[in-house]
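Counting starts at 1 for both ligands and their atoms, following the listed order. None of these values were measured; they are calculated from a predicted model.
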Amino acid sequence: MHNAAFAKLGLNWRYVAYEVDPANLRAAIEGARAMHFAGINLTVPHKILAMKMVDELDVSAKIWGAVNTIRFEGRTRKSQWLPLGQFEKETPTEVRSVGFNTDADGLTNSLREDFGVELSGKKVLLLGAGGAGRAAALKLAAENVGILFLVNRTFGKVLELQKEISVDFPSAYICPDYPRALENKIDLVINATSLGLKSDDELPFDKKQFSLKQAAAVYDMIYRPAETKLLKAAKKAGCKTANGLGMLLHQGAKAFEIWTGKRAPLAEMRRALVQNLKANP
Ligand code: ATR
């Protein structure tokens with residue numbers, strides 16, 4: 001999606017993927033800095049490690065506690081910091097790395113786009129309290145959801161997260177369990193677990209404790225496969241559904257804007273993503 005966006009804007013830039021062992025993460029970031037990369041995206045398992053490996057943290061990384069985007073900035077002769085991607089002829093006298101997080105906004109932009117709902121006041125069941133689940137829970141609390149039900153295989157993580165949310169967002173109403181009564185209609189269920197990536201995975205919730213008939217809409221952060229067992233079951237139960245493609249797109253668009261300072265060509269990026277996912281289901 002990034003290369004399609006560069007082509008659309010006529011930028012002579014390239015986005016390339018590297019597999020980096022976590023033990024080499026610092027060296028990889030330093031290498032990219034030395035080579036004057038405009039920036040980096042990071043994914044599992046690097047997002048939390050990178051928090052300690054950048055020179056500066058943008059407020060987004062501080063709030064959501066993870067870095068998925070790094071921007072390299074150079075000091076100009078006038079001693080101002082400017083994104084390296086926006087340097088023209090001048091050579092920077094010094095380069096620093098700044099960590100951002102675009103995942104959290106990516107999720108809420110996608111939820112708004114896919115379901116056309118405002119999150120404020122809504123009842124949400126969030127499945128998963130790992131890296132992705134944690135950032136989603138904090139972001140949903142920041143969006144003033146009415147009540148947030150949190151469920152995770154390892155219950156201790158739910159309690160930790162509940163405590164963390166209550167510090168940053170004291171008015172948030174968190175319930176560390178499934179919504180109980182069948183009449184308790186939930187506006188939105190979000191899967192932030194990794195269950196669904198493999199075809200023989202179980203559903204990410206306990207059918208004895210929750211029924212999809214209780215839910216109006218179901219969002220699965222997984223985008224490959226495009227339709228997980230959860231989304232299939234949700235459709236059957238009459239829920240609106242969406243997969244994580246929109247989240248992937250919007251976090252990418254935001255990173256693109258952070259690096260280039262230009263508006264991301266969303267339609268091009270979406271087209272490239274859909275095409276790629278169709279070719280590699
Ligand atoms: P990510 O950064 O993608 O969120 P993660 O931090 O490893 O990755 O989190 C994975 C999530 O999927 C966690 O909520 C994890 O539950 P635990 O906290 O109990 O590990 C959940 N998960 C992974 N495999 C699971 C399984 N077999 N059953 C239930 N939950 C599972």
Which residue and heavy atom of the protein sit nearest [atom], plus the separation:
{"atom": "atom 28 (N) of ligand 1", "answer": "Leu195 CD1, 3.4 Å"}
{"atom": "atom 8 (O) of ligand 1", "answer": "Gly131 N, 4.3 Å"}
{"atom": "atom 15 (C) of ligand 1", "answer": "Asn152 OD1, 4.0 Å"}

Give the ring-plane orientation class for [X] versus [Y], where under 30° counts as parallel, over 60° as perpendicular and anything between as tilted.
{"X": "Phe169", "Y": "Trp64", "answer": "parallel"}
{"X": "Phe37", "Y": "Tyr18", "answer": "tilted"}
{"X": "Phe210", "Y": "Tyr178", "answer": "parallel"}

In ligand 1, which numbered atoms sit nearer than 4.0 Å to a non-hydrogen atom of [X]?
{"X": "Gly128", "answer": "14 (O)"}
{"X": "Lys157", "answer": "17 (P), 18 (O), 20 (O)"}
{"X": "Ala132", "answer": "1 (P), 2 (O), 4 (O)"}
{"X": "Thr193", "answer": "11 (C), 12 (O), 21 (C)"}
{"X": "Ala129", "answer": "14 (O)"}

dist Asp187:CG -> Leu125:CG (nearest 0.5 Å) comes out at 11.5 Å
Rounded to the nearest 0.5 Å, what separates atom CE in Met221 from atom CG in Leu230?
12.0 Å
Which is it for Asp201 and ligand 1 at heavy atoms under 4.0 Å: side chain, backbone, both or neither?
neither
Winner among [options] once heavy atoms are compared against [atom]:
{"atom": "atom 23 (C) of ligand 1", "options": "Ala66, Ser194, Gly196", "value": "Ser194"}
{"atom": "atom 24 (N) of ligand 1", "options": "Arg153, Glu202, Lys198", "value": "Arg153"}
{"atom": "atom 17 (P) of ligand 1", "options": "Thr43, Thr154, Val151", "value": "Thr154"}

From the list Asp220, Asn191, Asp201, side chain to side chain donor-acceptor pair (under 3.5 Å) partner of Thr228 resolves to Asp220
Between Lys262 and Glu257 (salt bridge meaning N to carboxylate O under 4.0 Å), is one present in this structure?
no
For the pair Glu94 and Arg96, find out whether any cationic side-chain nitrogen is under 4.0 Å from an anionic carboxylate oxygen.
no
Quick one: does atom 2 (O) of ligand 1 have a protein heavy atom under 4.0 Å from it?
yes
